[in-house]
Amino acid sequence: MKIITWNVNSINVRQVHLEEILKDVKPAIIGLQELKCETASFPFDAVKALGYHAIASGQKAYNGVALISEVEPKDIDVNLPNFEDDQQRLIAATIGDCRVINVYVPNGQKVGSEKYEYKLRWLSAFHDYLKDTLEKYENVVVMGDFNIVPKDEDVYAPELWRGKILCSDQERTAFNDMLSLGFVDALRIFATQDPMFTWWDYRQGQFEKDEGMRIDHFLLSKNISSRMMRSEVLREVRAKERPSDHAPVAIYLKD
DNA sequence: ATGGTAGAGTGTCTA
């Protein structure tokens, strides 16, 4: 069983790449972030035509998340129940025997800024939501764009980025606090490539130079992590014409 | 140094 997370940076522009992934890779579940469209504009029909269910929560121009799955999603959550927010950043559902949570964590822009404070508040509420989820469900898969580089080995120039946005101690602490609830950082434990970068800035040819970061993650509850076989960053999708700045990331679980 | 590229939507904002 394959599960994919992918920040599409506009579903409108990336719909063709999405359809190729659904046809060629055939994941059981795929979580999308940064739809950048209102919910009604999500390509539900195209996804259904390929045999998948889809749920989405979008807004004009920014943010937006979706879950696509072979099995019908049930008990759907949109947004954090414990954090009032106009920004569409979370969608969760029960798919088969898994509770699946797909997130687009705030970027934070600059350490110390208002957006950074919002990011830390959002992460705190997300932490509490994950704690509740682990109490209710045995098999939990959390995936998405966390906008956090967990360790120095996850960024191309750690000395340049030390203390900066995506790499600050407060962000890394928030990430580790989530792991401490009882999750495994699946890509780090079951890495098959080195480095495991998932995002490369469009500017200055950073993908060609492999100047990237690992900011897209899978957190698996201990129970489901025992089914994990391997993970893979789909770099060939980042290398396509008119790509997202993120590569899709796949994990493979025993059925 | 406050760039640089892309996407949304049309003057900037966000990443």
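Chain naming here is simple, since letters A, B, ... match the order of the sequence lines and numbering starts at 1 in each.
Residue-to-nucleotide proximity on DNA chain B shows that, of A:N63 and A:V13, the 5′-proximal contact is made by A:V13. If A:N12 and A:N7 are placed on DNA chain B by their nearest nucleotide, the residue sitting closer to the 5' end is A:N12.
Note on A:K115: a side-chain N or O is less than 4.0 Å away from OP1 or OP2 of B:dT14. An OP1 or OP2 oxygen of B:dG7 is reached within less than 4.0 angstrom by a side-chain nitrogen or oxygen of A:R242.
Following rounding to the nearest Å, A:Q204 (CD) and B:dA1 (C1') show an atom-to-atom distance of 12 Å. One can place CD of A:Q87 at 7 Å from P of B:dA15, the figure rounded to the nearest angstrom. Separating the OH atom of A:Y104 from the P atom of B:dA15 is a distance of 5 Å, rounded to the nearest angstrom. The distance from atom CD of A:E34 to atom C1' of B:dC13 is 13 Å, rounded to the nearest whole Å. Computed from coordinates, the A:Y202 OH to B:dG4 P distance equals 18 Å when rounded to whole Å. Spacing between atom NZ of A:K164 and atom C1' of B:dA1 amounts to 12 Å, rounded to whole angstrom units. In this structure, CG of A:D216 is placed 15 Å from P of B:dA15, rounded to the nearest angstrom. Taking atom CZ on A:F207 and atom C1' on B:dT5, their separation rounds to 15 Å, with Å as the unit.
Note: A:F83 and A:W122 have perpendicular aromatic rings, judged against thresholds of 30 and 60 degrees for the angle between ring planes.
Distance from the side chain of A:R203 is smallest for B:dT5 among the nucleotides B:dG7, B:dT5, B:dT14.
Every salt bridge (charged side-chain N to carboxylate O under 4.0 Å, His left out) that A:K209 has, sequence neighbours left out, goes to A:E211. Under the side-chain hydrogen bond (donor to acceptor under 3.5 Å, both in side chains) criterion, A:E153 pairs with no residue, sequence neighbours left out.
Checked by atom type, the side-chain pair A:T173/A:Q170 shows no donor-acceptor distance below 3.5 Å.
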